[in-house]
2 protein chains.
Amino acid sequence: MARAATTSDAFNAIAEPRRRQILSYLALRERPVGDIVEELGFDQPSVSKHLRVLRNVGLVRMRCQGRHKFYRTNAEAIRPLHEWAATFERYWQRQLQSVKRLAEERMSQLNAAEVLPSPKIPKEKV
Amino acid sequence: MARAATTSDAFNAIAEPRRRQILSYLALRERPVGDIVEELGFDQPSVSKHLRVLRNVGLVRMRCQGRHKFYRTNAEAIRPLHEWAATFERYWQRQLQSVKRLAEERMSQLNAAEVLPSPKIPKEKV
DNA sequence: ACAATACATACCTATATGGGAATATGTCAA
DNA sequence: TTGACATATTCCCATATAGGTATGTATTGT
């Protein structure tokens, strides 16, 4: 098979930069399609198609009013993404601590000879 | 143009479910490629290619040791995603409040006649 | 009814994959 | 050196877009 379908889930939907722009724009308040076109400068069919994708995964809601269709971001649909990323929070905090600890050790080495077992710093290639 | 390049940024990289699996697996501790292959059950070339993408966007780090290459998740690269999602936090909290408030109003209407201006509930289609 | 407005869809094209198979590269072991 | 082992890369193919253009559809105003 080829690439996974963008319409399948929120992760794929937000992979597109323009869709993220649209989401941010529509988070403040609902807007008709024309406003998005004008404000973000995309072609109208392009906006419609992106909105379609966003709607399919529940990231935006739509309300009809006459010939206008008002879209707004459904922020709750972003929560799962936020929570997924949050599962890594403890790891980056740990990383930051490592960096800090390492820096402190280096500082102390300016004054004392190395008596501690050398900190295992993985020597990265690239 | 066609679809945006997956290798371009972290948002695209995590759009692929298998890459998210790999990230989670490598968050705990570094692992050689073979472990990923065995644990997640993907083909070896597939794992190598996903790791390549993840490395290009900085989501994983690699360390060579003999013929083994140890990969680990660089959790800090996930922070921007977390922060992007977090910018919507106030909105979903607001949404939740709206739901709550609405529920309370409905409850009170069981006892009192409607005296407040009707809450503007956009009547969604679909 | 008719024209204008606001969107959505259909169609076509170029392209970026993701999977699978085969192969190349690099390292260690005997 | 010759293999065995661990990964990476290359090739080929099928497919899901994203963009652009043109067209379809629904609604309003006159």
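In what follows, chains are A, B, ... by sequence order, proteins preceding strands, each numbered from 1. FYI, side chains are in, hydrogens and waters are out, and symmetry mates aren't considered; it's all heavy atoms of this structure.
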Given atom [atom1] of [X] and atom [atom2] of [N], what is their separation to the nearest angstrom?
X	N	atom1	atom2	value
A/F70	C/dC7	CZ	P	8 Å
A/Q65	D/dT28	CD	C1'	13 Å
A/R63	C/dC7	CZ	C1'	16 Å
A/N56	D/dA16	CG	P	15 Å
B/N12	C/dT17	CG	P	8 Å
B/D9	C/dT17	CG	P	11 Å
B/E38	D/dC5	CD	P	14 Å
B/R31	D/dA6	CZ	C1'	17 Å

Using a cut-off of less than 4.0 Å, is there contact between a side-chain N or O of [X] and OP1 or OP2 of [N]?
X	N	result
A/Y71	C/dA8	yes
A/R52	C/dA8	no
A/R18	D/dA18	no
B/H50	C/dT17	no

On DNA chain C, more 5' by nearest nucleotide between A/R67 and A/S46 is A/R67
Counting side-chain heavy atoms from C-beta on, which of [options] comes nearest to [X]?
X	options	value
B/H68	D/dG19, D/dA8, D/dA6	D/dA6
A/S48	D/dG20, D/dA8, C/dC7	C/dC7
A/R19	C/dA8, C/dA22, D/dA18	D/dA18

With a cut-off of 6.0 Å (strictly less than), are more than 12 heavy atoms of other residues, nucleotides or ligands near CD of A/Q93?
-> yes
Please confirm whether any donor atom in the side chain of A/Q44 sits under 3.5 Å from an acceptor in the base of C/dA8, or the reverse.
-> yes
Closest non-hydrogen contact found for A/L28 with B/R94 is O-NH1, 4.1 Å
Apply the test salt bridge (charged side-chain N to carboxylate O under 4.0 Å, His left out) to residues B/D9 and A/R20: give CA-CA distance (whole Å), side-chain angles for both, the deciding distance (0.1 Å), then the verdict.
-> CA-CA 13 Å; B/D9 70 341; A/R20 290 202 294 279; 3.4 Å; yes
Tested for side chain to side chain donor-acceptor pair (under 3.5 Å) against B/Q65, the lone hit among B/K69, B/R67, B/R63 is B/R63
The residue, B/K49 or B/P32, whose nearest nucleotide of DNA chain D is more 5′ is B/P32
Can you find a side-chain donor-acceptor pair between A/Q44 and A/S48 that sits under 3.5 Å?
-> yes
